[in-house]
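A short worksheet on the structure shown next.
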Amino acid sequence: MSSTYYLGRPLPGVVGETRRMCHVFPAQTSVPTRLVALCGVSFDREQLELLDGPRGMPCEPCLRSVPRPRHEVQLT
Ligand SMILES: [Zn+2]
């Protein structure tokens with residue numbers, strides 16, 4: 001299985017430059033024409049550039065919605 005999430009941000013001109021945040025989208029088996037980020041915003045597929053890593057400003061509500069693995073120290 002590939003990763004559960006992928007990153008994308010609106011292309012220039014779709015939204016204002018200050019709102020071009022890096023959103024987190026749940027991976028899907030098929031590519032829908034409309035993608036909904038974890039924070040609730042939605043974009044048409046052609047309005048987004050998909051990123052292979054975090055770039056630019058991250059969308060905080062999206063990041064908070066991702067269950068992150070924790071590196072916890074085991075006490076012995
Ligand atoms: Zn977002």
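Counting convention: from 1, in listed order, for ligands and their atoms alike. Positions are given from 1 along the sequence.
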Would you say that [X] contacts [Y] through its side chain, given a criterion of any heavy-atom pair below 4.5 Å between the two side chains?
| X | Y | answer |
| --- | --- | --- |
| Gln47 | Val14 | yes |
| Leu35 | Leu48 | yes |
| Tyr6 | Val24 | no |

>> Given His23, which partner from the list Val41, Leu51, Val36 fulfils the side chain to side chain contact (heavy atoms under 4.5 Å, CB included) test?
In response: Val41
> Are there any protein N/O/S atoms under 2.8 Å from the Zn ion (ligand 1), and if so, which?
Replying inline: His23 ND1, Cys39 SG, Cys59 SG, Cys62 SG
> Under 3.5 Å, is there a donor-acceptor pair between the Arg45 and Thr33 side chains?
Replying inline: no
>> Among residues at least two apart in sequence or on other chains, which ones pass salt bridge (Lys or Arg N to Asp or Glu O under 4.0 Å) with Glu17?
In response: Arg20
